Each structure stands twice: as structure tokens, then as C-alpha cells.
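A note on names: the letters A, B, ... follow the listed sequences, proteins ahead of strands, and every chain is numbered from 1. These figures come from a predicted structure and were not determined experimentally.
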Protein chains: 2
Amino acid sequence: MNNIFENISEKEKIKLLNLLEAHETFFKKDKDISVNVKDMDTLCIVESGLVQILKTDVNGNRTIIEEIEENQVFGNSIYNIMDSDYTIITKEDTEIIVLDYKTVMSKEERPVYYNHFIKNLLDIYKDKIRQCNDRITVLTNKSIRDKLLAYFNLLRKGAKTTIIYLPFSFTDLADYLAVNRSAMSRELTNLRVEGLIEIQGRKIKLYYDKER
Amino acid sequence: MNNIFENISEKEKIKLLNLLEAHETFFKKDKDISVNVKDMDTLCIVESGLVQILKTDVNGNRTIIEEIEENQVFGNSIYNIMDSDYTIITKEDTEIIVLDYKTVMSKEERPVYYNHFIKNLLDIYKDKIRQCNDRITVLTNKSIRDKLLAYFNLLRKGAKTTIIYLPFSFTDLADYLAVNRSAMSRELTNLRVEGLIEIQGRKIKLYYDKER
DNA sequence: TGCAAATTGTTGCAAGTGCAACAAAACAAA
DNA sequence: TTTGTTTTGTTGCACTTGCAACAATTTGCA
């Protein structure tokens with residue numbers, strides 16, 4: 001994952017934040033910070049800590065849209081987080097740098113570190129596009145089985161390894177795949193019985209070929 | 001949809017393309033241009049015409065991933081189109097500007113029009129992220145009915161209008177929603193019979209509240 | 001204009017999935 | 001450790017969906 005301050009020294013970072021008219025804010029763990037970042041065309045950088053973007057659907061179910069880690073960005077300039085069904089909360093004590101997107105883009109003065117910043121921002125956007133496309137690739141499979149296999153293939157992408165580690169719980173995986181948890185559990189059992197996979201907690205061994 | 005040459009005059013555009021070491025190429029309609037754009041970290045601009053990015057799945061079914069129109073971009077810098085299951089074809093006579101992403105980003109000289117270009121590129125990336133997120137929002141609904149309603153709501157987003165126009169055929173819509181076409185057709189009939197919608201070709205009238 | 005191709009609507013059937021409910025297991029906190 | 005909470009596995013049942021096959025309609029092209 002690309003870092004918004006890649007190739008920018010600590011000294012340059014201070015100058016950069018000054019140039020971009022940044023406001024730093026601290027938040028305690030488990031705070032709803034929606035109001036602080038929703039009201040304009042913001043670009044927010046997580047300087048330290050962890051932020052979650054949640055969505056509440058019509059039935060009241062909250063799902064995690066995304067987790068934003070250190071040196072990653074979020075904000076209205078990317079998501080439609082203005083929508084009232086989105087909530088932004090801190091999962092740890094968190095330090096956030098709030099920028100105004102228009103201000104950032106309209107700077108006349110563009111030192112080298114500014115250019116690095118913009119390049120990093122582009123790379124982060126590309127990461128997000130790739131992530132979204134990956135998820136779409138998984139979601140466009142019609143059956144739970146195919147979704148699972150597509151997802152497992154993503155995790156072992158490139159690597160020849162047949163061992164993968166789920167980055168979250170099975171409950172969350174069902175959410176990510178947009179399927180019923182117990183139906184997914186049933187399908188995992190089927191895959192296990194058929195000898196295609198072996199499950200040990202979040203560690204899964206794959207016994208099938210990539211092109212399946 | 002943002003335009004890669006927004007706020008850039010014709011004169012500036014010529015200078016810009018020169019600065020970025022652009023190569024222009026013409027292609028006839030219905031040509032597979034995969035080989036021409038896959039081999040490096042490219043950023044391709046469709047100067048005129050229309051390009052489709054297709055994906056062939058394990059069963060040999062081809063689906064349209066995206067259509068790239070005039071003044072829009074595609075390339076390895078965004079998609080993993082290197083993967084052999086992706087194909088890029090022209091749907092009309094098409095003029096493409098091929099840039100090397102690294103060259104573009106490492107320019108020392110940065111005239112105003114270059115900065116506009118980068119800002120436009122960022123805006124285009126944001127558009128893509130929004131598009132992807134919209135599709136994910138639709139795809140994460142579990143039933144065909146909910147997918148349809150979520151999609152219709154997207155189309156009437158903001159607008160109070162209860163009349164929407166599908167941007168593609170029902171066959172393609174089924175593809176977009178990742179559901180079986182005839183099952184979708186059945187569900188559309190249900191919605192029609194229940195009086196929630198009215199269908200006239202690609203024009204659909206909605207008779208239900210937004211928050212449904 | 002007329003023909004071929006593509007799109008749409010419909011249906012029966014089998015298979016897959018969502019849902020609810022519950023027990024077992026794993027995890028976390030006191 | 002004990003206790004309470006969350007996650008996981010399982011199952012029956014109803015309902016949804018995918019699939020295949022076909023007719024009707026629309027579209028596009030020669």
C-alpha cells in the first residue's frame with residue numbers, strides 16, 4: 001500500500017503541511033468524527049491511529065466499508081461520505097490532518113515535495129481503484145462457492161503459495177462477499193469435504209489449481 | 001464525467017503532449033489493441049473514438065468491464081490489464097495517445113497546463129473510485145430485487161424524478177448486477193405487477209419512495 | 001425493404017441461498 | 001480461573017435463483 005508521505009522527509013513534511021494549510025486534530029479512541037470531516041471538500045490524512053468508514057443500510061445493519069491506516073487518506077474528495085448513512089469513527093487514538101482539496105490543488109508554489117505529495121496521492125487513488133476492482137471481480141461471481149474461490153485466488157495472487165491467511169473473521173468475510181454467513185459456512189464445509197481446502201482458523205490451505 | 005484536457009487550450013495541449021513525450025496512434029474500428037498498450041506502465045488517452053475493456057472468464061464468457069470514451073483514460077497504471085484475460089478493443093475508429101506513466105510523473109518542468117493535466121487525472125481517478133463504489137453498493141445487495149432497486153436509486157440519485165433511462169440493454173444490466181438474465185426479467189415482471197415500476201423499453205417509471 | 005441476429009419475456013425444474021434457531025467453540029475481560 | 005460475549009458450525013425449511021429451452025419482439029444491416 002502506498003504512503004502519502006513517500007519520498008518526503010520529515011523536514012519537507014512540515015513545510016508541506018504548512019504550504020497546504022493543514023489542520024491537525026487529535027481524537028480519542030472510538031469517537032464518531034463524522035461531523036469534523038463531512039462538511040466540505042476535505043482530504044483527510046491519518047497521521048497515526050486507525051479510522052473506520054461504516055455504512056448503515058436501510059435495515060440498520062452497520063458494515064465496514066473501509067479501514068484507513070496510518071499515512072492513508074479518506075474524505076469527501078473520494079467518497080460520498082456526506083451521505084448521512086456513512087459514519088466515520090476512530091478505532092484507536094488518532095491524529096488526523098485535514099486539508100481542503102481545493103486549496104491543495106490551487107497552490108501556485110510547487111516545490112519538489114509538493115510534487116511528490118501529488119504523485120503519492122495519485123498512487124493511493126490507483127490502489128483504491130485496484131482494491132475496488134478486486135472486490136467487484138469477486139462479487140460478480142454468482143454462487144457462494146465461486147465467490148469464495150475467486151477471493152482465495154486474490155489472496156494468493158502472484159504467489160505460488162497454497163496457504164493463505166484471511167485478513168478478517170469469517171463473519172466479516174461473509175459481509176465482504178455479500179452472502180449469508182451460515183450459507184457461506186455450509187459452502188466452506190462442502191469445499192473442505194471435497195478436499196479442495198483445509199481450514200485452521202484463519203489459515204487456509206488450497207488444494208486446487210489456480211485456474212479453477 | 002471529468003475530461004483529461006479540462007482547462008487546457010488547444011495550443012497548450014500540443015505543448016503538453018510534446019512535453020510528456022506522447023505517441024499518437026490510430027486504430028480502425030473493431031481492432032484488438034491489447035498488444036499495443038499492455039507491455040508497459042502506460043497511461044492511454046482516448047483522443048477520439050471508443051474503446052472497450054473486456055474480460056473473459058474461465059468459462060469463456062466475455063463481459064464488458066468498461067467503456068472508455070473521448071478524453072477519458074485507461075492503462076496499466078490503473079487496471080491490471082496485463083492479465084491475459086483482459087482484452088482491449090476499439091468500437092469505432094479510434095485515436096489513442098499513449099504516455100509512459102513514469103515519464104509523465106518524473107517531469108522536472110511543470111508549466112501551468114501540466115498542473116491542470118495532473119489535477120484532471122486525479123479527478124478522473126476519483127470518478128472511477130465513485131463508479132466502483134456505486135457498483136459495489138449495488139452488488140452487495142443479496143436479492144435480485146434489492147439489486148434492481150438499489151441500481152434504480154443510483155440512476156435517480158439527487159434528482160426527484162421518478163423517470164429513469166437505462167444506459168444499456170437489460171441483458172447488459174443483468175451482467176452489471178451479476179445475476180441471471182431470465183431471473184432478473186422475472187423479478188422485473190414482479191415489480192411491474194406489484195405496481196412499483198412501469199417499463200417502456202429502457203425508460204422506467206418508479207412508483208416507490210427513495211427510502212425503500 | 002426484408003432477412004438474420006440479438007434482445008426480451010416466460011416457464012418448469014433443480015439447485016442454491018437466506019433465514020432463524022441453536023449448540024459448540026473461541027475469545028476477552030474481570 | 002470464571003463469566004459473559006462473540007464467532008463459528010450445523011440444520012430444516014421456504015423461497016429465490018440459475019439454467020435451459022422456446023416464442024415473441026426488436027434491432028441492425030445488406
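- With D:dT8, D:dG18, C:dG9 as the candidates, the nucleotide lying closest to the side chain of A:Phe170 is D:dT8.
- Rounded to a whole Å, the CG atom of A:Asp146 is 14 Å from the C1' atom of D:dT17.
- The phosphate of D:dT8 has OP1 or OP2 within less than 4.0 Å of a side-chain N or O from A:Thr171.
- Here D:dA20 is the nucleotide among D:dG9, D:dG18, D:dA20 with the atom lying nearest to any side-chain atom of B:Ser182.
- A straight line from CG of B:Leu149 to P of D:dT16 spans 14 Å, rounded to a whole angstrom.
- Applying the 4.0 Å criterion to OP1 and OP2 of D:dT10, one finds that A:Thr189 has a side-chain N or O inside that range.
- In this entry the distance linking CD1 of A:Ile199 with P of D:dG9 reads 6 Å, nearest Å.
- Under 4.0 Å is where a charged nitrogen must lie from a carboxylate oxygen, and between B:Glu47 and B:Lys13 at least one such pair does.
- Within the 4.5 Å cutoff, side-chain heavy atoms of A:Arg145 are placed close to those of A:Asn190.
- Following rounding to the nearest Å, A:Asn141 (CG) and D:dG18 (P) show an atom-to-atom distance of 12 Å.
- The minimum heavy-atom distance between A:Tyr151 and A:Leu177, with the atom names listed, is CB-CD2, 4.1 Å.
- Contact annotation for B:Ser143: backbone-only contact, meaning every heavy-atom pair under 4.0 Å involves sugar-phosphate atoms and none involves a base.
- Checking side-chain atoms of B:Thr42 against main-chain N and O of B:Gly75 turns up no donor-acceptor pair under 3.5 Å.
- Residue A:Asp32 is tested with A:Ile89, A:Thr90, A:Ile88, A:Leu54 for a side chain to side chain contact (heavy atoms under 4.5 Å, CB included); the sole match is A:Ile89.
- Atom NZ in A:Lys142 sits about 14 Å away from atom P in C:dG16, given to the nearest Å.
- At the heavy-atom level, A:Ser169 lies under 4.0 Å from the strands shown only through sugar-phosphate atoms.
- At a cut-off of 3.5 angstrom, counting only N and O atoms as typed in the model, there is a donor on one side and an acceptor on the other between the side-chain of A:Arg186 and the base of C:dG18.
- Nearest-nucleotide mapping onto DNA chain D: of B:Arg181 and B:Glu187, the residue sitting toward the 5' end is B:Glu187.
- Looking at heavy-atom distances under 4.0 Å, B:Ile144 makes contact with sugar-phosphate atoms alone, never a base.
- Going from atom CZ of B:Arg202 over to atom P of D:dT27 covers 9 Å, rounded to whole Å.
- A:Arg145 has its CZ atom 8 Å from the P atom of C:dG16, to the nearest Å.
- Between the CG atom of B:Asn180 and the P atom of C:dG9 there is a distance of 14 Å, given to the nearest Å.
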